Amino acid sequence: MKKTLFDKVWDAHVVDSIENGPQVLYIDKHLIHEVTSPQAFNELEKRRIPIFRPNQIVATADHNTPTENQHLPIKDENSRKQLEQLSNNCKKNNITLYELGHEYNGIVHVMAPELGITQPGMTIVCGDSHTSTHGAFGTIAFGIGTSQVAQVFASQCLLLKKPKSLRVSVNGKLKKGVLPKDVILYIIAKLGTNAGTGYFCEYAGDVFENMSMEGRMTVCNMSIEMGARGGMIAPDQTTFDYVKGKTFAPIGNDFDKKVNYWKTLPTDQGATFDKEYFFDAEDIEPMVTYGTNPGMGIKVSENIPELNDASFEKSLEYMDFKKGESLVNKPINFVFIGSCTNSRIEDFRVAANYIKGKQKADNVTAWLVPGSKQVEAQIIKEGLKTIFDAAGFKLRQPGCSACLAMNDDKIPQGEYCVSTSNRNFEGRQGQGARTILASPLVAAATAVEGKIIDITKQLN
Amino acid sequence: MEKFTTLQSKAIPLAIENIDTDQIIPARFLKATDRNGFGDNVFRDWRFNEDNSKNEDFTLNNPKYSGSILVAGDNFGCGSSREHAAWALSDYGFKVIVSSFFADIFKGNALNNGLLPVQVSPEFLKVLLAEITEKPEIKLEVNLEHQTISVVDTSFKDAFEIDPYKKTCLINGYDDIDYLLSKKTEIEAFEAKNLTK
């Protein structure tokens with residue numbers, strides 16, 4: 001029988017099946033962070049169940065951490081306690097933790113791939129919906145709730161029903177200025193926020209084949225924004241080259257053996273999917289969102305659609321936008337470049353390349369937040385920080401930051417923020433804040449101009 | 001986990017689509033390290049104004065409506081995987097959420113906490129929302145055994161799907177940890193066979 005990439009990885013991890021019910025799926029790597037793990041540790045302790053495989057768990061502190069003065073004690077008492085609890089839980093249970101300040105610390109979906117913890121063919125879970133990011137390596141990676149975190153702690157397994165399969169193919173040549181973020185925002189705008197619910201999505205076609213690992217991660221990261229539990233891209237030479245030499249990647253013969261296995265994973269010719277979509281790369285342009293879910297996106301050159309629907313109107317009211325208007329020339333006071341979607345070195349290269357020789361607009365507060373300590377170090381090493389400094393930008397320290405505004409990095413009430421993050425929900429970046437999702441290039445251009453511009457026109 | 005068999009209750013309408021878990025419980029309330037008390041902040045930014053006064057327009061603040069069933073628009077629970085959303089709804093007193101579509105992770109989280117997601121047809125939802133908005137005194141009955149939801153003393157009824165395994169868990173109050181621990185031998189055998197490769 002012809003199998004998909006997803007089938008191959010899933011089937012290799014099934015421990016047992018319940019008749020007419022879910023399957024017991026083995027989990028290779030369990031990533032945890034401070035926000036969704038404490039109640040799971042408590043649950044096991046209460047029931048006197050030991051952690052089954054502590055050495056398959058890796059912890060980091062990211063959601064709740066400050067992005068300035070990380071060497072000082074954390075001011076917010078609840079945040080500090082939550083991080084202390086993570087440290088205590090990890091210590092007690094012999095779990096590796098890259099805490100604040102550690103050279104490997106960072107956003108869980110940035111640090112695990114760059115350390116080689118994420119490898120093709122694996123099953124990876126984390127109490128965070130953007131775990132889909134790791135699918136860029138051809139892994140089955142998805143977000144779970146805290147009850148499931150406890151289940152993996154107890155058994156290294158989960159009870160799951162195999163999801164249906166979906167494939168999104170994009171072929172052709174991307175236009176100048178169109179980045180991976182635009183590709184995924186375009187797909188979500190076309191398909192809507194629940195087209196993928198109940199499915200695992202494979203991204204195929206030459207657009208993804210020609211993409212860097214960083215770009216593939218950006219795409220897979222936002223699979224959940226169209227409802228898909230996860231997204232995957234077939235591992236290829238780009239994947240193997242990226243993994244090779246990473247801190248926790250296999251070495252020598254072991255690596256070669258793994259590569260031979262990884263090469264068997266891509267979807268068989270003739271395998272079928274429950275749903276398929278095809279898009280033309282030429283039709284994609286730099287994107288922005290105008291509403292309060294990631295499916296409400298348009299090409300920056302387009303106008304907001306005119307729909308008569310209560311939820312749509314509620315959304316525009318929150319954003320203070322009108323039907324049929326263009327976002328070009330909208331003054332913007334806040335720009336955020338960061339989050340597990342766009343905080344990798346490539347994203348800062350794109351931003352620096354645009355910003356070089358220009359100045360940040362006076363009205364703009366811009367937060368540049370690297371995804372990890374390693375990205376931060378690389379930014380400095382490549383001289384990008386010098387470019388940012390000269391242009392009036394400030395590089396902050398790693399963490400989830402203004403993507404979800406759990407720490408002090410909040411966008412004020414009523415303000416617009418052009419953000420490279422993944423969610424434009426009401427209040428996501430701070431109470432009453434209005435988020436416009438975009439690529440790092442559009443974000444950088446907004447910071448320089450102090451308003452949204454049609455970047456395509458400028459590039460041509 | 002608390003058992004669930006049948007429930008009769010009035011219902012609260014919330015006719016908004018794509019309600020994400022950030023609305024159900026905003027991130028700034030996720031700093032707690034236990035499961036209790038999240039109900040105080042459920043739908044925080046819709047229930048309260050900026051100055052912490054009650055938003056009288058919001059359905060949960062409308063004295064007309066009460067009950068432990070929330071009837072909400074399509075694609076309920078999308079976004080973040082935070083189980084705090086299910087905890088907050090339960091803690092507030094909801095036992096059942098009715099919608100025409102649920103996001104995957106939320107649905108799983110709800111089921112793992114004895115909060116029953118009841119997925120009905122879009123047509124049924126439309127009529128149900130109109131009915132309970134107009135006549136807040138009507139009662140709904142949710143019967144898990146028969147997988148039905150109905151307006152009490154009427155023929156207005158819909159059937160809903162639920163995974164048979166999850167149904168057994170809810171009726172008996174079991175959770176997945178119990179089951180997974182009973183599979184330890186199989187799990188260890190799987191590891192011995194696969195992880196040494």
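Predicted model only: the values in this text are computed from it and were never measured. Quick note on labels: first sequence line is chain A, next is B, and so on, each numbered from 1.
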- B:Asp153 CG: over 12 foreign heavy atoms closer than 6.0 Å: no

- Message: Students often mix this up, so state it plainly: with edges at 30° and 60°, are the rings of A:His13 and B:Phe190 parallel, tilted or perpendicular?
- Response: tilted

- Message: Strictly less than 4.5 Å between heavy atoms, which residues of residues 16-26 of chain A line up against chain B? Please order them by number.
- Response: A:Asp16, A:Ile18, A:Asn20, A:Gly21, A:Pro22, A:Val24, A:Tyr26

- Query: For the candidates A:Gly143, A:Ala310, A:Ser311, A:Ala405, which exhibits the highest count of non-hydrogen atom pairs separated by less than 4.5 Å from chain B?
  - Reply: A:Ser311

- Contact leader toward chain A among B:Ser80, B:Ala103, B:Cys78, where contacts are heavy-atom pairs under 4.5 Å: B:Ser80

- Query: Of the backbone (N, CA, C, O) and the side chain (C-beta and beyond), which part of A:Glu34 lies under 4.5 Å from a heavy atom of chain B, both, or neither?
  - Reply: neither

- Message: At a 4.5 Å cut-off on heavy atoms, which part of A:Asn194 comes close to chain B: side chain, backbone, both, or neither?
- Response: both

- Note on the structure: So, the part of A:Ser129 with a heavy atom under 4.5 Å from chain B: the answer is both

- Tell me, side chain or backbone of B:Asp163 under 4.5 Å from chain A's heavy atoms, or both, or neither? side chain

- Query: Relative to chain B, which segment of A:Ala150 carries a heavy atom at a distance below 4.5 Å: side chain, backbone, both, or neither?
  - Reply: both

- Task: Answer with side chain, backbone, both or neither: which region of A:Ala228 has an atom nearer than 4.5 Å to a non-hydrogen atom of chain B?
- Result: neither

- Note on the structure: From the list A:Gly427, A:Pro294, A:Gly198, the residue making the most non-hydrogen contacts under 4.5 Å with chain B is A:Gly198

- Side chain, backbone, both or neither: which part of B:Asp178 has a non-hydrogen atom closer than 4.5 Å to chain A? both

- Query: Quick one: what part of A:Val149 sits under 4.5 Å from any heavy atom of chain B, side chain, backbone, both or neither?
  - Reply: neither

- Item | Gap between atom CD of B:Glu161 and atom NZ of B:Lys167 - 0.5 Å precision | 10.0 Å

- Item | chain B interface, residue from A:Lys161, A:Arg423, A:Gln85 that has the most non-hydrogen pairs under 4.5 Å | A:Arg423

- Message: Counting only non-hydrogen atoms closer than 4.5 Å, does B:Gln23 touch chain A with its backbone (N, CA, C, O), its side chain (CB onward), both, or neither?
- Response: side chain

- Which answer fits A:Gln429, side chain, backbone, both or neither, if we ask what part of it has an atom under 4.5 Å from a heavy atom of chain B? neither

- Query: Of all of B:Leu30, B:Asn113, B:Ile177, B:Asn109, which one pairs up most often with chain A through heavy atoms under 4.5 Å apart?
  - Reply: B:Ile177

- Item | Note: A:Asp76-B:Lys31 ion pair, threshold 4.0 Å (strictly below) | yes

- Task: Please flag which part of B:Asn18 lies under 4.5 Å from any non-hydrogen atom of chain A: side chain, backbone, both or neither.
- Result: side chain

- Between CD1 on residue A:Ile51 and CG on residue A:Asn55, distance to nearest 0.5 Å: 11.5 Å

- Answer with side chain, backbone, both or neither: which region of B:Phe101 has an atom nearer than 4.5 Å to a non-hydrogen atom of chain A? side chain

- B:Phe29 CZ to A:Met406 CE distance, which is reported to the nearest 0.5 Å: 11.0 Å

- Query: Checking B:Asp176 against chain A: side chain, backbone, both or neither under 4.5 Å from a heavy atom?
  - Reply: both

- Note on the structure: Counting heavy-atom pairs under 4.5 angstrom with chain B, the leader among A:Arg428, A:Arg229, A:Gln431 is A:Gln431

- Rounded to the nearest 0.5 Å, the CG atom of A:Asp408 sits from the NZ atom of A:Lys75 at a distance of 6.5 Å

- Message: Can you tell me if A:Glu317 has over 12 outside heavy atoms packed within less than 6.0 Å of its CD?
- Response: no

- Go through the structure and list residues passing salt bridge (Lys or Arg N to Asp or Glu O under 4.0 Å) with B:Glu137, not counting sequence neighbours. none

- When rounded to the nearest 0.5 angstrom, what distance separates CG in B:Asp74 from CZ in B:Phe76? 12.0 Å

- Message: For the CH2 atom of A:Trp10 and the CZ atom of A:Phe200, what is their distance to the nearest 0.5 Å?
- Response: 8.0 Å

- Indicate the ring-plane relationship of B:Phe124 and B:Phe156, choosing parallel, tilted or perpendicular according to the 30° and 60° boundaries. parallel

- Item | CA sep, side-chain torsions, deciding dist, call: B:Phe38, B:Tyr92, ring-ring contact (aromatic ring centres under 6.0 Å, His included) | CA-CA 8 Å; B:Phe38 288 104; B:Tyr92 186 81; over 10 Å; no

- Side chain, backbone, both or neither: which part of A:Ile224 has an atom under 4.5 Å from a heavy atom of chain B? side chain

- Query: Would you say A:Lys164 has more than 12 foreign heavy atoms packed within less than 6.0 Å of its NZ?
  - Reply: no

- Query: For A:Leu160, is it the side chain, the backbone, both or neither that has a heavy atom under 4.5 Å from a heavy atom of chain B?
  - Reply: neither

- Query: Would B:Trp46 and A:Glu426 count as having a side-chain donor-acceptor pair, cut-off 3.5 Å?
  - Reply: yes

- Item | Centroid separation A:His130 to A:His109 less than 6.0 Å | no

- Side chain, backbone, both or neither of A:Asn422 within contact of chain B (heavy atoms, under 4.5 Å): neither

- Measure from NZ or CZ of B:Arg44 to the centre of the six-membered ring of B:Phe48, then state whether that distance is under 6.0 Å and the direction lies within 45° of the axis. yes

- Option that, when pairs with chain B are counted at under 4.5 Å, heavy atom only, ranks first among A:Ser37, A:Ala154, A:Ser147: A:Ser147

- Task: Run the ring-centre check on A:Phe41 versus A:Phe153 and record whether the distance is less than 6.0 Å.
- Result: yes

- Which atoms of B:Ala189 come close to chain A, meaning under 4.5 Å heavy atom to heavy atom: side chain ones, backbone ones, both, or neither? neither

- What residue in A:Thr193, A:Asp309, A:Thr36 has the most heavy-atom pairs under 4.5 Å with chain B? A:Thr193

